Amino acid sequence: MERVTGDTLSPLMEQQVGICLSMYMPTIQKGAETQQNQIRFKNLLREAEEKLSFRELRPSEIREFLQPAQELVSDIPFWQNQYRGFALFISPGQFSYFRLPREFDEIVVVSDRFHLKPIIPMLSDRMTFYILAISQNSVRLFECSRYGVQEIEITGMPQNINDALNLDTFEKRLQLHTGSEDTKGKILQYFKIVDRKLRDFLKDKRHPLLFAGVDYLFPIFREANTYAHLAETAITGNPEGMDGDDLLHLALPVIESFMEQKRVDALAQYRQNVGTGLSSDNISEIVPAACNGRVGILFIDIDVQVWGRYDPQGNRVFLSGEEEQGHEDLFDLAAIRTTLNGGTVYSIDPKEMPGERSIAAIFRY
């Protein structure tokens, strides 16, 4: 699975030179039905050919433009190893695709910039968190988002309790399997050493830390812990036989509550700002504000497209009723400029949209 980060999307968000093709489609992950992925992709390529023909490209130029995508059509293993959604981007000198754990509606957009609105909210969903998978026999730290996991190597971190306390095999067997207070004391000492190493790595960070281990160890770790953002809920069970993906799967129900609270807080902030001049659901106000770095939080219905153009000289928006050359999806433009200027974009269900329209924004000033 390709990771979506600000670094991977930034080259696509910058203004491109020449025609930009953006394609999104849902994909099937496993089974005989994965052949539908190829069929759906071929159909979207035919739609792309038709839209490119309106840009006055000759058939040979269209074939050359789409060649990198056409080469994927016959790659059967590629289509058998998909996730929930697929996104592809082509322009002169640019070819990128992502296999992603989010399902997309089928869409083909040919414009003067890439259409990124469906994928940008994944940056807001990528809240970083850590999993500490620990037992008496091993210590592992993982940096995670809901879309990926990576193990982190920390210099000087003990490999296990024996390594931490310099116990030999006999001492370990004698002292740590008796169930005594001395056993708890040794484990607490072990966890304090782990905590010191974590403290060096986690200083100045504010991401949640999840403990993964057997249930009786969690209270002991909490006693040793000095990190302010340890989650109250642990992943219980022996983590020794689990890889990073296994642990991430178990962590997601816990971390979803953190992400949902961020979204709820943002919606409440919008409502508090109604009537103050610091919020708006007017596209003609939001796009100029986004382009000038004023939008801190943007809410959009990613299935809605509003076509028009933004005039940076006059700082004005011109709306049009349909897609045409020289115009772009203004929701997409607002999402891109908000992200490039350090704001947050939330994909919101129409029923939860805080304003009366399909877009809303909280302004920084």
Side-chain angles (χ1 to χ4, degrees), residues 4 6 9 12-15 20 22 24 85 87 102-109 111-126 259-260 262-312 314-324 326-365:
V4 174
L9 286 190
L12 300 177
M13 287 190 283
E14 297 294 346
Q15 187 69 48
C20 296
S22 309
Y24 294 87
R102 167 175 282 186
E103 187 171 305
F104 302 110
D105 290 337
E106 288 187 18
I107 185 171
V108 176
V109 177
S111 183
D112 295 328
R113 71 166 76 240
F114 289 122
H115 182 78
L116 299 172
K117 182 179 62 182
I119 205 172
I120 282 177
M122 293 182 69
L123 297 178
S124 301
D125 290 344
R126 289 195 67 86
M259 291 186 283
E260 174 62 15
K262 285 180 62 179
R263 191 182 67 88
V264 168
D265 291 346
L267 289 168
Q269 183 183 348
Y270 178 90
R271 296 185 181 99
Q272 290 168 2
N273 284 323
V274 170
T276 67
L278 291 175
S279 64
S280 176
D281 62 358
N282 186 336
I283 186 66
S284 295
E285 295 176 352
I286 292 172
V287 167
C291 291
N292 288 286
R294 289 182 54 218
V295 174
I297 298 176
L298 182 70
F299 307 96
I300 53 172
D301 180 348
I302 62 173
D303 294 327
V304 173
Q305 294 176 308
V306 174
W307 295 96
R309 64 182 180 88
Y310 168 64
D311 172 24
N315 201 33
R316 292 187 301 167
V317 167
F318 297 91
L319 299 174
S320 64
E322 58 187 18
E323 180 181 359
E324 57 185 75
H327 289 183
E328 60 185 316
D329 178 6
L330 294 172
F331 280 23
D332 192 62
L333 175 61
I336 289 171
R337 299 311 303 181
T338 296
T339 303
L340 286 174
N341 288 318
T344 300
V345 179
Y346 287 104
S347 173
I348 298 292
D349 185 277
K351 296 183 293 236
E352 294 186 293
M353 189 63 67
E356 297 182 357
R357 301 185 176 98
S358 299
I359 191 168
I362 300 172
F363 300 142
R364 293 185 169 116
Y365 56 90

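All of these numbers come straight from a predicted model, not from anything done at the bench. Every heavy atom of this structure was used, including side-chain atoms; hydrogens, water molecules and symmetry mates were not. One is the number of the first residue; the rest follow in order along the sequence.
- Of the inter-residue distances, the one linking L12 atom CG with I119 atom CD1 reads 8.0 Å to the nearest 0.5 angstrom.
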Open item on the list: Let's go through Y365 and R294 carefully: what are the C-alpha distance in whole Å and the side-chain angles of both, what is the deciding distance for side-chain contact (heavy atoms from CB on, under 4.5 Å) to 0.1 Å, and is it a yes or a no?
Closed with: CA-CA 6 Å; Y365 56 90; R294 289 182 54 218; 3.1 Å; yes
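- S284 places no side-chain N or O within 3.5 Å of a backbone atom of V317 that could act as its donor or acceptor partner.
- When all heavy atoms of H327 and S320 are compared, the pair lying nearest together is ND1-OG, 2.9 Å.
- The closest donor-acceptor contact from the side chain of N341 to the backbone of A290 lies under 3.5 Å.
- Under a 3.5 Å cut-off, the side chain of D311 and the backbone N or O of R316 do not form any donor-acceptor pair.
- For the atom pair CD1 of I120 and OG1 of T344, the computed distance is 12.0 Å after rounding to the nearest 0.5 Å.
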- [ ] Check step by step if side-chain contact (heavy atoms from CB on, under 4.5 Å) holds for M13 and T339.
- [x] CA-CA 9 Å; M13 287 190 283; T339 303; 3.8 Å; yes
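- Separating the CG atom in N315 from the CG atom in N292 is a distance of 5.0 Å, to the nearest 0.5 Å.
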Do any side-chain atoms of residues 349-356 form donor-acceptor pairs under 3.5 angstrom with protein atoms, and if so which ones, sequence neighbours left out?
unit_1: D349; atom_1: OD1; unit_2: K351; atom_2: N; d: 2.9
unit_1: E352; atom_1: OE1; unit_2: R263; atom_2: NH1; d: 3.3
unit_1: E352; atom_1: OE2; unit_2: R263; atom_2: NH2; d: 3.2

In residues 295-305, what donor-acceptor pairs under 3.5 Å come from side-chain atoms, sequence neighbours left out?
unit_1: D301; atom_1: OD1; unit_2: D303; atom_2: N; d: 3.1

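- Expressed to the nearest 0.5 Å, how far CD of Q272 lies from CG of D265 amounts to 9.0 Å.
- Listed here is the closest heavy atom pair of F363 and G277: CD1-O, 3.6 Å.
- In terms of the ring pair (Phe, Tyr, Trp, His ring centres under 6.0 Å) criterion, residue partners of F104 (sequence neighbours excluded) are, by chain and number, Y24.
- Taken to the nearest 0.5 Å, the SG atom of C20 stands 4.5 Å off from the CZ atom of F114.
- At least one donor-acceptor pair closer than 3.5 Å links the side chain of D329 to the backbone N or O of V306.
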Open item on the list: Quick one, Y270 with D281, criterion side-chain contact (heavy atoms from CB on, under 4.5 Å). Give me CA distance, side-chain angles, the key distance, then yes/no.
Closed with: CA-CA 10 Å; Y270 178 90; D281 62 358; 3.8 Å; yes
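- Closest non-hydrogen pair, L116 versus D332, comes out as N-OD1, 2.7 Å.
- With E328 as the fixed residue, the side-chain hydrogen bond (donor to acceptor under 3.5 Å, both in side chains) test singles out one of R309, H115, R113: R113.
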Task: Trace of the side-chain contact (heavy atoms from CB on, under 4.5 Å) decision for V287 with F331 - done: CA-CA 8 Å; V287 167; F331 280 23; over 6 Å; no
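- Side-chain contact between L319 and I283: present, with at least one pair of heavy atoms (C-beta onward) separated by less than 4.5 Å.
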